[in-house]
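One structure is given here, and the rest of the page talks about it.
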Amino acid sequence: MEKLKEVLEVPKMGEYPKKMSGAQAVVHSLIKEGVDLIFGYPGGAIMPVYDALYDVEDELKHILVRHEQGATHAAQGYARASGKVGVCLATSGPGATNLITGIADAQIDSTPLVCITGQVASALLGTDAFQETDVIGISMPVTKWNFQVTRAEEIPGAIAKAFYLARAGKPGPVLVDITKDAQFGTLDFEYKPFEGMRSYVPCPALDLNQVQAAAKLINASKKPLVLFGQGVILSEAEAAFKAFIEKADLPAAWTIMGLSALDSDHYLNVGMLGMHGNYAPNKLTNECDVLIAVGMRFDDRITGDLSRYAKQAKVIHLEIDPAEVDKNVKTDVAVLGDAKASLLALTTCLEQKERKEWLQEFRALEFEEFEVVVKEELNPSVAELSMGEVIRSINDQTNGESIIVTDVGQHQMVSCRYAKFKQSKSLITSGGLGTMGFCLPAAIGAKMAVPNKQVIGIIGDGGFQMTIQELGTIFQTKIPVKIVVLNNEFLGMVRQWQELFFDKRYASTTMVNPDFQKIVEGYGIETRKVSERQDLNAAVGEMLAHEGAFFLEVRVAKENNVFPMIPTGASVSEIRLK
C-alpha cells in the first residue's frame, strides 16, 4: 500500500489527477455523482477503498454502522427522506451477504441504492478463497442491475451506470462488486455520467389516446375511487395528484408506501387500504364503478382475495412499469408513463364535478369505524396504555410535521393508521418485504438526510433487538434521532394471529426482554420509561425537546389487537371491525 502511494499522487479536494488507483477512482466517482454521505463497514477486500476515503473525508463522509444490514437500511432511510440515491459499502463474503436483506427490501419498495462490495482478487474467483462469496449470483434476484469489476479501468463506467439505473424510471438497488486487484490497479481517470442504453426504456412514452380513454371512464362514473401509492412520491407528483382529485372530487385512499403524499386532513383523503386499513376504502372498493390506481402495484395485502376484488369496477392503472399492469388485477385502461406527466395530462381532460353523495358513504363508514375501533384505541377505557394514544401524543406535539420511521408489526400498522402528516416523504417504513430491524438504522439515515427535521423512529420490542447494535452508530455520530419502543413483551402481530386463528396457542411469541434502559444508558443516550397514562405527554414532550438522541420506552397493553382486519384469503368486503 505504501509503495502504491509513492507512485500515485494523492488527490486534493476538488482535484482529479489523470492517473489514480482503482480505489481512488471509486471514491472520486462517488464525489462526481454528488454523493456526500455513505454508510458502511470495512474489511479486507474493500480496504483499499477505505484507505482512499481517508484522503477525502472533507468531501465524502463515511458513517461506520455496526452491521452491514444496518448500512443498507440507513442508506434506504437516507434515500427515502432525501429523494437521492443511498450508498453503502461492504467487504466480501459475510460483509456482502449481510447486505442482502436490505437490498431485497429496497428492491420491492423501489428505493434507489448503490451498493459497492469488495471481492477477492480476480485470480482467486471461483476457488473458495477466504471470504469469497458469489455475491453477483446471490444478489441477482434482488437487484435492478449488478456487475463485477475485475479491471481498474472499468470502475468509473460501472459506477456511472449504477447511479443511472438506480434512479432511472422505477428506482431500485444496484450492486457493483470490485475485486481487490482492480482496486489496486491504476487507470487514467475520467468520469462521464451514464446517459442510457437502447435496451432499457426507463419511462414509457405517454399515450394520449389512453389518457383520453381513462378520462372518459372517470367523467362518466358515479362512484370513482382512487388508490395511490409511492409512485406519486417517487415522481414528485404530489401537487399534480392533489389537483387531479380535487378537479373531479375523487375520494383517494393510500397504500402505506403512498402515505404522506396527500395531507392526512385533506377532505378527499379517505384513509388506508389493506389488511389493517380503514373500513370505508376497503368496503367501498367493491362498490365503486371506476377504480383508478396511481403508482401502486395491487399488492396482495391491498387486494385480499383477487377473485372477489373490484369485479364490478372498470380499472384504470397509471404505472411506469409495464410489468405491473395486469400482473394481479386486470386493467381496462393502462396509462403507462411517469405519474406526474400522466396526472397532468389526465387532469386537463377531466370534467369539474362534485360527488357529495358518494363522499357521504365514506363518511358514514368512517363514523362506524370510529365508534367501534378508533374511540377505544385513542381513548382507552382500560388502565394500560394503547399504541394509538402514544401516536396521538406525538401527533399533538409535532403538529404532523415530523418524519416517522417505523419497524414492522402492530406498531407499524397503528402508526400508519393514526399518525398525521402534512408533508410528503414523512413516513418511512418497510412495505413489501416487511423487514423487522428496519427502523433503527433507517431512522439514522433519514435524520442524516434531513437534519433540520424531527425524525422519530417507532419500534416494537422485537424489531428493536434485531438491529439494537446500531445504538453504537448513534453513540459515535451523536445523531439526534428520537427512538420510541412500544413494549408489549410479545411479537405482537404474530401473537394477534395466534389469538384469532390458532386458538391462542402463543408458540414462541412471548418476549423476555432485557432492561432496555440500562442498555441504552450504556451508549450514552438519554432515556426514559413510561407505563402510566398521566406521564405519557410529558415524556413525549421531554423527548422532543431534548437536543440529542433520546430513547423513550412505553409499556403498552400486552394483548391489544389492531383492527380493522381483513383475514387472509378474505375479500376486502369482509373486513372486520372486531
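Sequential numbering from 1 along the given sequence is applied to the chain's residues. Here the structure is a predicted model, which means the values were calculated and not measured.
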Open item on the list: Looking at N282 and T303, would you say the former's side chain and the latter's main chain have a donor-acceptor pair under 3.5 Å?
Closed with: no
- [ ] Indicate the atoms forming the closest heavy-atom contact of L552 with A539, along with that distance.
- [x] CD1-CB, 3.9 Å
Task: Side chain proximity check, I525 to I474, heavy atoms < 4.5 angstrom - done: yes
TODO: Determine yes or no for a side-chain-to-main-chain donor-acceptor pair under 3.5 angstrom, with Q76 supplying the side chain and T111 the backbone.
DONE: no
Open item on the list: Is the distance between the ring centroids of F464 and F551 under 6.0 Å?
Closed with: yes
Task: I483 and I456, any side-chain heavy atoms less than 4.5 Å apart - done: no
Open item on the list: Ignoring hydrogens and geometry beyond distance, is a side-chain donor-acceptor pair present between S571 and E574 at under 3.5 Å?
Closed with: no
Task: For A253 against P281, the heavy-atom pair lying closest together - done: CB-CB, 3.6 Å
Task: Derivation and outcome, side chain to side chain contact (heavy atoms under 4.5 Å, CB included), residues L427 and T406 - done: CA-CA 8 Å; L427 186 281; T406 85; 4.0 Å; yes
Open item on the list: Side chains of Q410 and H276 only: does a donor on one sit below 3.5 Å from an acceptor on the other?
Closed with: no
Task: Distance-only side-chain donor-acceptor flag, S426 / S260, under 3.5 Å - done: no
- [ ] Mind listing the closest non-hydrogen atom pair of W254 and C416 along with its distance?
- [x] CH2-O, 3.2 Å
Task: Exam field: side chain E319 to backbone D321, donor-acceptor pair closer than 3.5 Å - done: yes
TODO: Please lay out, stage by stage, how N561 and R495 fare under the test side-chain hydrogen bond (donor to acceptor under 3.5 Å, both in side chains).
DONE: CA-CA 9 Å; N561 290 330; R495 186 216 56 78; 2.5 Å; yes
Task: Nearest-0.5 Å distance that lies between atom CE in M275 and atom CE in M413 - done: 9.5 Å
Task: L89 vs F39, side chain to side chain contact (heavy atoms under 4.5 Å, CB included): CA-CA, chis, key distance, verdict - done: CA-CA 6 Å; L89 198 57; F39 304 88; over 6 Å; no
TODO: Would you indicate whether Q352, at its atom CD, is surrounded by more than 12 heavy atoms from other residues, nucleotides or ligands within a distance under 6.0 Å?
DONE: yes
- [ ] Measure the shortest side-chain to side-chain distance between L99 and Q69 over non-hydrogen atoms and say whether it is less than 4.5 angstrom.
- [x] no
Open item on the list: On a heavy-atom basis, which atom in V372 and which in K578 lie closest, and how many Å separate them?
Closed with: CG1-CD, 4.4 Å
Task: E361 (side chain) donor-acceptor with A280 (main chain) under 3.5 angstrom - done: no
TODO: Indicate whether any N or O donor in one side chain lies under 3.5 Å from an N or O acceptor in the other, for N286 and S573.
DONE: yes
TODO: Answer yes or no: is there a donor N or O on one side and an acceptor on the other, between the side chain of D338 and the main chain of A341, under 3.5 Å?
DONE: yes
Task: Working for side chain to side chain contact (heavy atoms under 4.5 Å, CB included), residues K422 and S264 - done: CA-CA 6 Å; K422 293 184 177 180; S264 299; over 6 Å; no
Open item on the list: With a 3.5 Å distance limit and no angle check, can you tell me whether E389 reaches the backbone of S386 through a side-chain donor-acceptor pair?
Closed with: yes
TODO: Could you tell me whether the side chain of Q454 reaches within less than 4.5 Å of the side chain of P480, counting heavy atoms only?
DONE: no
Open item on the list: For K356, I'd like to know if atom NZ has over 12 heavy atoms of other residues, nucleotides or ligands within 6.0 Å.
Closed with: no
Task: From R301 atom CZ to L273 atom CG, the distance as rounded to the nearest 0.5 Å - done: 14.0 Å
Task: E324 side, atom CD; M296 side, atom CE - distance, nearest 0.5 Å - done: 10.0 Å
Open item on the list: Ring-plane angle category for F241 and F244, please: parallel below 30°, perpendicular beyond 60°, tilted otherwise.
Closed with: tilted
- [ ] Would you check, one step at a time, whether the test side-chain hydrogen bond (donor to acceptor under 3.5 Å, both in side chains) holds for N488 with R555?
- [x] CA-CA 6 Å; N488 60 7; R555 302 300 295 266; over 6 Å; no
Open item on the list: Using a 6.0 Å cut-off, check whether atom NZ of K247 has over 12 heavy atoms from anything other than its own residue.
Closed with: yes
TODO: Kindly compute the distance separating CZ (R355) from CG (L268), expressed to the nearest 0.5 Å.
DONE: 10.5 Å
Task: K61, NZ: over 12 other non-hydrogen atoms inside 6.0 angstrom - done: no
- [ ] Taking only Lys NZ, Arg NE, NH1 and NH2, and the carboxylate oxygens of Asp or Glu, determine whether K223 and D289 approach each other closer than 4.0 Å.
- [x] no
Open item on the list: Does any part of the side chain of I404, heavy atoms only, come nearer than 4.5 Å to the side chain of I428, both counted from C-beta?
Closed with: no
Open item on the list: For S424 versus I233, what's the shortest heavy-atom pair and its separation?
Closed with: OG-CG1, 3.6 Å
Open item on the list: Are there over 12 heavy-atom neighbours, none belonging to K170, within less than 6.0 Å of that residue's NZ?
Closed with: yes
TODO: Please lay out, stage by stage, how S393 and Q397 fare under the test side-chain hydrogen bond (donor to acceptor under 3.5 Å, both in side chains).
DONE: CA-CA 6 Å; S393 180; Q397 298 187 57; 3.2 Å; yes
Could you go through residues 430-442 and list every donor-acceptor pair under 3.5 Å that involves a side-chain atom there, pairing it with any protein atom two or more places apart or in another chain?
{"unit_1": "S430", "atom_1": "OG", "unit_2": "D105", "atom_2": "OD2", "d": "2.5"}
{"unit_1": "S430", "atom_1": "OG", "unit_2": "G434", "atom_2": "N", "d": "3.2"}
{"unit_1": "S430", "atom_1": "OG", "unit_2": "T435", "atom_2": "N", "d": "2.8"}
{"unit_1": "T435", "atom_1": "OG1", "unit_2": "D105", "atom_2": "OD2", "d": "2.7"}

TODO: Looking only at non-hydrogen atoms, find the nearest pair between L491 and G462 and report the distance.
DONE: CD2-CA, 4.0 Å
Task: The single option from K375, R417, K283 passing salt bridge (Lys or Arg N to Asp or Glu O under 4.0 Å) against E369 - done: R417
Task: Side chains of Q469 and T467 in contact at under 4.5 Å (non-hydrogen atoms) - done: yes
Task: Any side-chain heavy-atom pair of I403 and V450 under 4.5 Å - done: yes
TODO: Report yes or no: does K482 contribute a side-chain atom to a donor-acceptor pair with the main-chain N or O of G548 at less than 3.5 Å?
DONE: yes
TODO: State whether the side chain of E553 and the backbone N or O of V485 hold a donor-acceptor pair below 3.5 Å, judged by distance alone.
DONE: no
Task: N/O donor-acceptor pair under 3.5 Å between K144 side chain and L165 backbone - done: yes
Open item on the list: Atom CZ of residue position F367 - does it have more than 12 heavy atoms of other residues, nucleotides or ligands inside 6.0 Å?
Closed with: no
Task: Contacts of type ring-ring contact (aromatic ring centres under 6.0 Å, His included), residue H317, not counting sequence neighbours - done: F298
Open item on the list: Once rounded to the nearest 0.5 Å, what's the spacing between atom CG of D305 and atom OG1 of T568?
Closed with: 11.0 Å
Task: Side-chain heavy atoms of M543 within contact of R528, under 4.5 Å - done: no
TODO: Could you walk me through whether H411 and V414 pass side chain to side chain contact (heavy atoms under 4.5 Å, CB included), step by step?
DONE: CA-CA 5 Å; H411 71 276; V414 170; 5.6 Å; no
- [ ] Give a yes or no answer on whether the side chain of S402 reaches the backbone of T398 with a donor-acceptor pair at less than 3.5 Å.
- [x] no
TODO: Decide, yes or no, whether a salt bridge links E246 with K242 under the criterion of side-chain N to carboxylate O below 4.0 Å.
DONE: yes
Task: Member of L359, L225, I245, V290 meeting the side chain to side chain contact (heavy atoms under 4.5 Å, CB included) criterion with L250 - done: I245
